[in-house]
Amino acid sequence: MVCRRACGYGNLYSTGYGTNTAALSTALFNDGAACGSCYELKCDAALGTYCRAGSITITATNLCPPNYALPNDAGGWCNPPRAHFDMAEPAYLQIGIYRAGIVPVNYRRVPCVKKGGIRFTINGHSYFNLVLVTNVAGAGDVQSVSIKGSSTGWQAMSRNWGQKLARATRTSTARASPSRSPSATAAPSSATTPPRPAGSSAQTFEGGQF
């Protein structure tokens with residue numbers, strides 16, 4: 001069982017993540033700050049007999065919530081402090097046999113490889129902005145976002161949930177600029193958005209890339 005859309009990405013195909021994805025256990029999810037990060041997984045044949053050769057790189061796109069009614073090693077796979085990846089089936093089948101259900105893995109954080117620029121999807125209205133940041137290369141996860149109105153300075157946004165960040169402020173034309181995880185260094189990119197009428201639907205804009 002996974003917590004649907006805990007990162008806020010919605011349709012993983014339209015946002016470019018596809019099926020090489022996984023829901024992270026609480027120990028890895030970090031209250032949504034790990035959304036978008038990439039991991040290389042390899043089945044540990046020394047500990048399991050249902051492994052396939054090779055490795056796969058997945059993107060963290062969801063939360064696998066804990067189940068405290070079950071022990072960590074018998075159904076409560078996502079209970080803290082356990083590190084667990086609840087993978088999309090097409091991704092899992094690249095490293096494990098279906099009938100196993102769960103396999104031991106070795107994992108490591110790796111840079112994300114994405115096509116195109118960072119995408120900013122903006123919801124809300126002129127007094128409240130909710131920004132979803134997707135398609136981030138490099139570290140993949142976004143630690144902070146600042147927004148700048150046509151008549152304001154840069155203002156830090158707060159994490160609303162997953163990779164959606166919010167700011168209650170008056171803006172007309174706005175610029176959004178993300179900062180990645182400190183595990184990588186690069187100059188931030190930004191996207192400029194035109195004024196939006198009150199009550200308008202979400203709009204997506206594409207900026208540069210890390």
Side-chain angles (χ1 to χ4, degrees), residues 2 4-25 27-44 51-64 83-96 103-122 131-146 157 159 161-165 175-193 202-210:
V2 296
R4 298 243 178 232
R5 301 187 178 91
C7 288
Y9 292 140
N11 187 310
L12 296 180
Y13 289 96
S14 62
T15 49
Y17 293 105
T19 58
N20 281 4
T21 60
L24 303 186
S25 61
L28 296 172
F29 191 67
N30 194 22
D31 293 327
C35 292
S37 56
C38 294
Y39 295 84
E40 182 183 10
L41 307 181
K42 182 179 178 64
C43 188
D44 190 345
C51 293
R52 295 185 189 274
S55 65
I56 184 175
T57 297
I58 57 90
T59 303
T61 57
N62 218 330
L63 166 67
C64 181
H84 179 77
F85 300 85
D86 201 54
M87 303 171 67
E89 185 176 311
Y92 169 82
L93 291 177
Q94 295 184 52
I95 61 169
V103 294
V105 297
N106 294 314
Y107 70 94
R108 61 177 179 169
R109 277 286 299 268
V110 295
C112 298
V113 178
K114 304 297 180 185
K115 295 180 179 179
I118 297 174
R119 300 186 189 110
F120 301 82
T121 300
I122 301 181
V131 178
L132 170 66
V133 185
T134 58
N135 203 52
V136 181
D141 54 339
V142 175
Q143 297 302 303
S144 65
V145 170
S146 296
M157 305 187 79
R159 191 176 303 279
W161 56 280
Q163 285 294 71
K164 291 193 173 186
L165 297 101
R175 288 171 58 86
S177 177
S179 295
R180 298 186 302 173
S181 162
S183 61
T185 57
S189 70
S190 61
T192 301
T193 67
Q203 294 178 300
T204 299
F205 305 89
E206 190 168 311
Q209 187 59 272
F210 285 116

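Residue indices begin at 1 and follow the sequence shown.
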Please tabulate, for the side chains in residues 27-39, all donor-acceptor contacts under 3.5 angstrom to protein atoms that are two or more places apart in sequence or on a different chain.
| residue | atom | partner | partner atom | Å |
| --- | --- | --- | --- | --- |
| Ser37 | OG | Ala34 | O | 2.5 |

So how far is it from Leu165 CG to Gln143 CD, rounded to the nearest 0.5 Å? 10.0 Å
Would you give the length of the straight line joining atom SG of Cys7 to atom CH2 of Trp161, rounded to the nearest 0.5 angstrom? 8.5 Å
Show your reasoning for whether side-chain contact (heavy atoms from CB on, under 4.5 Å) applies to Lys164 and Leu132. CA-CA 4 Å; Lys164 291 193 173 186; Leu132 170 66; 4.0 Å; yes
If you take all heavy atoms of Leu24 and Leu63, which pair is closest and at what distance? O-CD1, 3.4 Å
For residues Asp141 and Arg109, determine if any side-chain heavy atom of one lies less than 4.5 Å from a side-chain heavy atom of the other. yes
Would you please name every residue forming a side-chain hydrogen bond (donor to acceptor under 3.5 Å, both in side chains) with Thr204, sequence neighbours left out? Thr121
Nearest 0.5 Å, what's the OH-CG distance between Tyr9 and Asn135? 10.0 Å
Could you check whether any side-chain heavy atom of Gln163 comes within less than 4.5 Å of a side-chain heavy atom of Thr134, counting everything from C-beta outward? no
Over all atoms of both residues, closest heavy-atom pair of Arg159 and Val142: NH2-O, 2.8 Å
Can you tell me how far apart CG (Leu93) and OG1 (Thr19) are? Round to the nearest 0.5 Å. 10.0 Å
List the residues meeting side-chain contact (heavy atoms from CB on, under 4.5 Å) with Asp44, not counting sequence neighbours, and say none if there are none. Ala46, Leu47, Pro104, Asn106
With a 4.5 Å cut-off on side-chain heavy atoms, are Thr21 and Asn62 touching? no
With Arg119 via salt bridge (charged side-chain N to carboxylate O under 4.0 Å, His left out) - residues at least two apart: Glu206
Quick one: closest heavy-atom pair of Ala139 and Cys112, and the distance? O-SG, 4.1 Å
Asn20: side-chain hydrogen bond (donor to acceptor under 3.5 Å, both in side chains) partners, not counting sequence neighbours: Gln94
Quick test of your reading: applying side-chain hydrogen bond (donor to acceptor under 3.5 Å, both in side chains), list the pairs with at least one residue in residues 51-60, sequence neighbours left out, ordered by first then second residue. Glu40-Ser55, Thr59-Lys114
